[in-house]
Structures are given as C-alpha cells and as structure tokens.
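We're numbering straight along the sequence, starting at 1.
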Amino acid sequence: DAGGNIKFWKPQVENGKWRWILYDTDWGFNLHTSKGYIDNSLAFHTAEDGPEWPNPPWSTLILRSLLNNDEFRNKFVNRFMDRLNTSFQKDVVLQKIDEFSGTLKPEIGRHFKRWKLSSKAWKGHVNRMRKFAFERPDYVRTHLKEYFNAGNEVDIKINPTAGGDIVLNENLKIRAKEFNGKYFDNTPVTLQAVPDFGFKFSHWEGVSLDDEDINDLSLIIPKGGLDVTAVFVPYVHPLEGKVFVNEISANDKKAGDWVEIYNNGDHEVDLENWLFTDKNNYFRLPPFILEKGAYVIIAQDTALFKVNYPEVNNVIGNFHFGLNKAKERIGLYSHDAASIDSVAYEIKSMKKTYSLS
C-alpha cells in the first residue's frame, strides 16, 4: 500500500542519494486471499486515479513519472525479468519456503497448543505460499508484457568462460555456471564483458556485430533467442619477469603487512595506478617512480612501517586489507590490468613475525 508505507533514507555523505526502504509486504504470498497471485499490482501502483487509500495519486507520482522515460522503462522491465529468472524463479522460492517451514516445524506443535490452533491452518498457509510462488511469475510476466508492450518472451543463454565475467543488464554477474533466462524482444538488454586482472576481452561469440570486440553491448534479442559467450585471453605486460614481488610479510605484528617490489629491468618504471591484489581485494598504487635496480615497500600502514623500519626510504601505501597469514595469492598488474607478477603461498600459520622471499 504505497500511500501508507513510504520510507526513504540516504547516507550522510556528500552527494548521498535517497533510496527507498521496502517494508510491510503483507499483501504478498496469498496472505489475505487464496488467489493473490493473479493481482495486477503493476497497474494498481501506477494508476493516476488510485483510491485515497491505499494508493493516492501523490504516492505513485515518482514511479509514474520515471516510467515516462524510455531508458528507465527498459531498466525497470529488465530488472523485473532479472529477478524472475533468479531469486524469484519458481524452484528457488519453493526451496526457500521449504527451508523456512522446515526450520519452524519443530516449534509448531507448541505453537498449536499455546494458541489453540490446528495443524490444518499451518499446512494451509504453507501451501498458499507455495501456490503463490508457483503461479505468480507467469502472471507478472504477462502484466509486464501488456503494460509496457514489451514484446514476446525469448530465451537468453549466457555461457561461462574463463578469464572474466559477463554482466547482464548492469545487474547479474554470470561466471560460475551457465545462465538461462527469458526476456522480451521489444526491450533491449545490455551485456558487458568484464575481464579478470591478467586477462583482456577478445570478442563475442553468438552475437552478429560489425565490431565484435566491443565489450559493452545494448541489443534487441533476436526472435530465435540469444546464445552468447564472451571470449577472454591472457594479458601479459612486457615488464613481466622484470618487475616482481621480492618479499612478503603477512605477520609483522609491529609494522603491519607489507610486500617488497623489485625492478630488475633496464629502465625506471612509473607505478602510478598499478594494481596490487590479494585473493579478494585490490589497491591502486600512488604515483611513484621505481628506479632501475631499486626496491619499494607497499605497506598496509606506511606510518607504522616507517616507525619500525626508519632506514627504509621507499615506502608507499596504505592498502586497506590484510594478507592471509597461511594461504594467499599476491598479484601485481599494470594500470590496465595486464599481468606483471603473481606469487602464491601456503604455509603453517606461525605466531612469530616472518617474511617470505
């Protein structure tokens, strides 16, 4: 009920954006009716003459106005379809209902006794939710199709590939397994190929384009559907083997974590915007010229490092993450993510300070 349940928030930072708070969703999952899954809530919440309660026109003005914008309309439809293909997909929701009902089941007997209820009511409401989960997605697709003249449903298949991710509609990151979903052929989708560090995007397979090496696409899905793969290839920098990680300290209790980089090449190297990574994080290096035959320390805390090692002059940082003391992969990449060096280690964790070289 838009008129009664409007709340919003924004972070108290410069240029913080207002965002909606979603709450009080008790019209969902057939709570008040056994056939709530057929309700066209899209039409209801975009009606210009909605009833004074629960849907007065002022309460839907922002949404109705935004939907006059073609770009917003496309994103709105595609975000709906993204969710219907993933988190609101029938089997996923049914599994969640079973999971939660299974968690509550051991308490239900005492609940019946305390409130003088019957197991019939419990089973009936769980089945109502299951019915909603099974029926609702098809109705929502129909409502979207009719309201937006979105076209016919067509299939998209996105194949996982080594070396990067495919991001669908700026929302779904597809990597580990094959993705299959349904979208509308009157509503363009977006595909973005995002290479891992040490890889670069090469081309698309399954898409007919004049320039197949464009990594960011907006396209209408063909009537026969779309079966697409992004191809990534290794991306190695000419400085590989010349600039490398020389020493790693992941357990320096006084100075914090740090690594040492050495330039064994024939020329000085500008490290600005190079990437230092562990398994889950990355840090962009500040401006620094690493002379031929010289070392530099990348420190978690430069001030702490200088206090404990005042004789070391070349120190940059501060990276915001800590290194795993037992098992880690350290990477060094150029500003455009070409691979320069990587080092992996796996050791028994030790209490005393140590470094690896």
Side-chain angles (χ1 to χ4, degrees), residues 11-16 163-165 173 175 194-199 234-265 267-357:
Q12 295 185 11
V13 297
E14 186 177 358
N15 299 321
D165 302 316
K173 183 182 288 187
R175 181 183 187 91
V194 182
D196 293 338
F197 294 151
F199 288 83
Y235 187 25
V236 178
H237 198 277
L239 287 174
E240 183 184 46
K242 297 179 180 178
V243 178
F244 51 82
V245 177
N246 190 63
E247 188 173 0
I248 302 167
S249 179
N251 194 34
D252 192 325
K253 300 183 184 303
K254 293 182 178 180
D257 295 344
W258 53 268
V259 299
E260 182 184 77
I261 307 300
Y262 177 61
N263 180 7
N264 194 41
H267 307 282
E268 65 181 27
V269 176
D270 185 355
L271 300 183
E272 183 174 7
N273 282 325
W274 278 30
L275 296 155
F276 163 65
T277 70
D278 70 357
K279 183 179 179 181
N280 299 310
N281 307 279
Y282 71 88
F283 169 67
R284 283 198 178 273
L285 303 187
F288 185 85
I289 302 299
L290 183 59
E291 301 291 342
K292 171 186 174 182
Y295 300 85
V296 63
I297 297 293
I298 305 174
Q300 185 180 22
D301 187 324
T302 55
L304 199 60
F305 185 91
K306 289 176 181 178
V307 167
N308 286 275
Y309 300 100
E311 71 280 4
V312 179
N313 295 319
N314 292 344
V315 184
I316 57 176
N318 302 298
F319 61 88
H320 61 278
F321 51 91
L323 303 178
N324 191 292
K325 296 171 176 52
K327 184 178 181 180
E328 189 63 275
R329 175 173 289 276
I330 304 296
L332 189 64
Y333 302 90
S334 65
H335 70 280
D336 58 351
S339 176
I340 294 174
D341 191 28
S342 65
V343 178
Y345 62 83
E346 184 172 0
I347 59 175
K348 291 183 178 179
S349 182
M350 294 184 287
K351 294 182 179 181
K352 64 180 183 180
T353 298
Y354 64 89
S355 66
L356 307 172
S357 58

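The structure places NE2 of His237 at 13.0 Å from CG of Asp341, a figure rounded to the nearest 0.5 Å. Here the CG-CG distance, from Leu323 to Asp252, works out to 11.5 Å after rounding to the nearest 0.5 Å. Here Phe244 contributes atom CZ and Ile340 contributes atom CD1; the two are 12.5 Å apart, rounded to the nearest 0.5 Å. In this structure, Tyr262 OH and Lys242 NZ are separated by 13.5 Å, a value rounded to the nearest 0.5 Å. If you take CD1 on Ile297 and NZ on Lys306, they are separated by 12.0 Å, rounding to the nearest 0.5 Å. The CD1 atom of Ile298 lies 12.5 Å from the CG atom of Asp257; values are rounded to the nearest 0.5 Å.
Tyr235 is not listed as a side-chain neighbour of Pro195, based on a closest heavy-atom distance of 4.5 Å or more. The shortest distance between side-chain heavy atoms of Leu275 and Leu285 does not fall below 4.5 Å. In this structure, the side chains of Ile261 and Val243 come closer than 4.5 Å at one or more pairs of heavy atoms.
The two residues Ala250 and Tyr345 make their nearest non-hydrogen contact at CB-OH, 3.5 Å. Across all non-hydrogen atoms, the minimal contact from Gly322 to Gln300 is CA-NE2, 3.6 Å. Among all heavy-atom pairs drawn from Phe305 and Ala299, the shortest one is CB-CB, 4.1 Å.
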Compile the donor-acceptor pairs under 3.5 Å between side chains in residues 310-318 and protein atoms, sequence neighbours left out, one pair per line.
| unit_1 | atom_1 | unit_2 | atom_2 | d |
| --- | --- | --- | --- | --- |
| Asn314 | ND2 | Tyr295 | O | 3.0 |
| Asn318 | OD1 | Thr302 | N | 2.5 |
| Asn318 | OD1 | Thr302 | OG1 | 3.0 |

Step by step, work out the side chain to side chain contact (heavy atoms under 4.5 Å, CB included) result for Ile248 and Ile330.
-> CA-CA 9 Å; Ile248 302 167; Ile330 304 296; 3.9 Å; yes

Determine, step by step, whether Leu271 and Ile289 satisfy the side chain to side chain contact (heavy atoms under 4.5 Å, CB included) criterion, reporting the C-alpha distance in whole Å, the side-chain angles of both residues, the deciding distance to 0.1 Å, and the verdict.
-> CA-CA 6 Å; Leu271 300 183; Ile289 302 299; over 6 Å; no

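The stretch residues 314-341 participates, sequence neighbours left out, in these ring-ring contact (aromatic ring centres under 6.0 Å, His included) pairs: Phe197-Tyr333, Phe276-Phe319, Phe276-Phe321, Phe319-Phe321. Within the structure, the side chain to side chain donor-acceptor pair (under 3.5 Å) test picks out the following pairs touching residues 270-282 (sequence neighbours left out): Asp278-Asn281.
Proximity of a side-chain donor or acceptor of Glu240 to a complementary backbone N or O of Val236 within less than 3.5 Å is not detected.
Ser334 pairs by the side chain to side chain donor-acceptor pair (under 3.5 Å) definition with Asp336, not counting sequence neighbours. By the side-chain contact (heavy atoms from CB on, under 4.5 Å) test, Ala294 pairs with Leu290, Glu291, sequence neighbours left out. Annotation: salt bridge (Lys or Arg N to Asp or Glu O under 4.0 Å) contacts of Arg284 (sequence neighbours excluded): none. Scanning for side chain to side chain donor-acceptor pair (under 3.5 Å) contacts around Asp196 gives Arg175, with sequence neighbours left out. Shown here are the side chain to side chain donor-acceptor pair (under 3.5 Å) partners of Glu260, two or more places apart in sequence or in another chain: Asn246.
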